[in-house]
2 protein chains.
Amino acid sequence: MYQDYKSKILAFYEKHRRMPVYKEIMDLVGFKSRNAVYKLIDKLVEEGIVSKDKQGKLIPNSLFGQVPMLGVVEAGIPTMAEETFTDTMSLDEFILGDKDKTYILEVKGDSMIEAHITEGDLVVVKRQDYAKEGEIVIAEVDGGWTMKYFKKDKSGRFYLLPANKKYAPIYPESDMRIAAVVKAVVRKF
Amino acid sequence: MYQDYKSKILAFYEKHRRMPVYKEIMDLVGFKSRNAVYKLIDKLVEEGIVSKDKQGKLIPNSLFGQVPMLGVVEAGIPTMAEETFTDTMSLDEFILGDKDKTYILEVKGDSMIEAHITEGDLVVVKRQDYAKEGEIVIAEVDGGWTMKYFKKDKSGRFYLLPANKKYAPIYPESDMRIAAVVKAVVRKF
DNA sequence: AGTATAAGTGAACACTTGTTCACCTGTCAA
DNA sequence: TTGACAGGTGAACAAGTGTTCACTTATACT
């Protein structure tokens with residue numbers, strides 16, 4: 001019953017992308033007075049799953065809109081009953097550190113297959129014109145665009161290394177311009 | 001200047017996980033009357049990037065809090081200037097269809113390496129006790145937990161197939177219990 | 001039984017909300 | 001200069017906000 005309240009409020013948040021006001025919660029859970037909601041919220045605040053701003057408006061806390069992160073696969077999945085999850089996370093925040101200058105690209109081709117990035121995957125890239133050694137970059141070399149490892153050889157020259165033995169490393173002839181670095185890979189089934 | 005307003009409102013939304021009220025926008029962009037905000041919002045509504053609910057409160061629209069999805073890698077990255085992105089998406093919504101019964105697990109081991117799921121990846125799983133042929137499942141077989149392909153052989157028997165030649169298919173001796181199916185894979189660099 | 005504690009009701013309060021109206025700039029064209 | 005017009009100001013309004021108080025109902029325990 002009580003857990004029910006939480007999930008109804010969460011559902012509202014998911015649907016409307018904002019927290020409900022007291023009257024809405026009232027209708028949501030079936031109360032007939034806003035004061036009942038007030039007392040309910042008091043408990044949720046004490047539990048730490050929601051907070052109030054200076055004006056009393058609700059703000060969702062960490063556990064809200066987040067996915068419980070259980071252990072590792074081989075340890076098995078804990079049953080719902082115990083559900084002592086190790087952590088919880090928002091995928092959005094996890095994947096996109098800073099939403100600024102972040103874009104998503106679809107992957108074509110198999111040149112990064114050995115890095116386990118395959119055709120149809122989505123890569124989350126951050127647009128920047130520099131990169132660290134070893135990062136996967138989106139670069140423009142000799143007129144074409146590619147996604148490759150950004151490497152440096154013994155003599156200090158930079159080159160692009162595909163993660164596929166079928167293809168050879170690319171030593172830029174004229175110029176090489178880094179457009180973005182790959183921050184994450186997402187694959188959906 | 002005008003574009004500035006949008007990004008400031010967006011920043012507020014990102015930070016507080018809710019849309020600002022008119023007075024907050026007023027302080028945000030430097031207006032001295034809420035009516036100025038009212039007129040500004042009117043334009044944003046007309047542009048379709050925000051809406052109002054029945055009570056006048058702002059609700060963020062599709063372009064808000066979302067990541068622009070550009071084309072495919074080989075086509076290169078369009079410049080910021082043009083930015084005629086093909087689409088835009090919220091990773092949260094994209095990855096987690098229904099947040100209910102969805103969990104995240106960290107991958108250990110290399111038994112799914114040929115499916116390009118490698119150690120350290122995060123798999124987004126949905127807890128359910130059935131699966132379709134060919135899906136990747138988290139299952140309990142003969143007392144242990146594994147992540148494998150869920151397959152059916154010619155005679156109609158189900159078995160678990162690792163995506164790694166080093167390991168043999170698993171034909172469940174006593175019982176096989178499916179705990180969850182893998183919906184997505186996320187890898188962060 | 002009785003009684004203490006939790007949970008819900010309903011009305012009232014001060015305050016904030018989005019909205020409207022009339023008014024005041026600037027800027028640009030004729 | 002004149003007029004038009006988009007963009008901003010400031011005050012006023014009804015409606016909705018979170019909160020408080022006093023009161024009632026349900027639940028559990030000795």
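The chains referred to below are lettered A, B, ... by the order of the sequence lines, with proteins before strands, and numbering in each begins at 1. The structure presented is a predicted model; accordingly, all values stated were derived computationally and were not measured. Hydrogens, waters and symmetry mates are skipped; everything else that's a heavy atom, side chains included, is used.
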Would you mind reading off the distance between [X] atom [atom1] and [N] atom [atom2], rounded to a whole angstrom?
X       : N      : atom1 : atom2 : result
A/Tyr38 : C/dC13 : OH    : P     : 18 Å
B/Glu24 : C/dT16 : CD    : P     : 12 Å
A/Met26 : C/dG8  : CE    : P     : 13 Å
B/Met19 : C/dT16 : CE    : C1'   : 18 Å
A/Glu46 : C/dA6  : CD    : P     : 12 Å
B/Leu40 : C/dT19 : CG    : C1'   : 15 Å
B/Ile25 : C/dT17 : CD1   : C1'   : 12 Å
B/Ile41 : C/dT20 : CD1   : C1'   : 17 Å

Between [options], which one does the side chain of [X] approach most closely?
X       : options                : result
B/Lys43 : C/dG18, D/dG7, D/dG16  : D/dG7
B/Lys39 : C/dG8, D/dG16, D/dG8   : D/dG8
B/Asn35 : C/dG10, D/dG18, C/dC21 : C/dC21
B/Tyr22 : C/dT17, C/dT19, D/dT19 : C/dT19
A/Lys32 : C/dA22, C/dG10, D/dG18 : C/dG10

### Query
Is there a side chain to side chain donor-acceptor pair (under 3.5 Å) between B/Asn35 and B/Tyr22 once you walk through the steps?
CA-CA 9 Å; B/Asn35 189 9; B/Tyr22 283 33; over 6 Å; no

### Message
Under the criterion side chain to side chain donor-acceptor pair (under 3.5 Å), I'd like the reasoning laid out for A/Lys126 against A/Gln128: C-alpha separation, chi angles, the key distance, then a yes or no.
### Response
CA-CA 6 Å; A/Lys126 184 158 186 188; A/Gln128 57 186 49; 5.2 Å; no

### Task
Determine, step by step, whether A/Arg177 and A/Asp129 satisfy the side-chain contact (heavy atoms from CB on, under 4.5 Å) criterion, reporting the C-alpha distance in whole Å, the side-chain angles of both residues, the deciding distance to 0.1 Å, and the verdict.
CA-CA 7 Å; A/Arg177 194 172 69 79; A/Asp129 57 3; 5.8 Å; no

### Query
Looking across every strand, which nucleic acid part, if any, lies under 4.0 Å from B/Lys23 by heavy atom: base, sugar-phosphate, or nothing?
sugar-phosphate

### Message
At 4.0 Å (heavy atoms only), tell me whether A/Lys57 reaches a base, stays on the sugar-phosphate, or touches nothing.
### Response
sugar-phosphate

### Residue closer to the 5' end of DNA chain C, A/Gly30 versus A/Arg34 (nearest nucleotide)
A/Gly30

### Message
Closest-nucleotide mapping onto DNA chain C: is A/Phe31 or B/Gly56 further toward the 5' terminus? I mean the 5' end.
### Response
A/Phe31

### Task
Over 60° means perpendicular and under 30° means parallel, so classify the ring planes of A/His116 and B/His116, tilted if in between.
tilted

### Query
Is there any salt bridge (charged side-chain N to carboxylate O under 4.0 Å, His left out) pair reaching into residues 20-31 of chain A, and which pairs are they, with sequence neighbours excluded?
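As it turns out, the salt bridge (charged side-chain N to carboxylate O under 4.0 Å, His left out) pairs with a partner in residues 20-31 of chain A, which skip direct neighbours, are A/Arg18-A/Glu24.
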
### Message
It should be established whether A/Lys52 places a side-chain nitrogen or oxygen under 4.0 Å from OP1 or OP2 of nucleotide D/dT19.
### Response
yes

### Query
Is the phosphate of D/dT19, meaning OP1 or OP2, less than 4.0 Å from a side-chain N or O of A/Gln55?
no

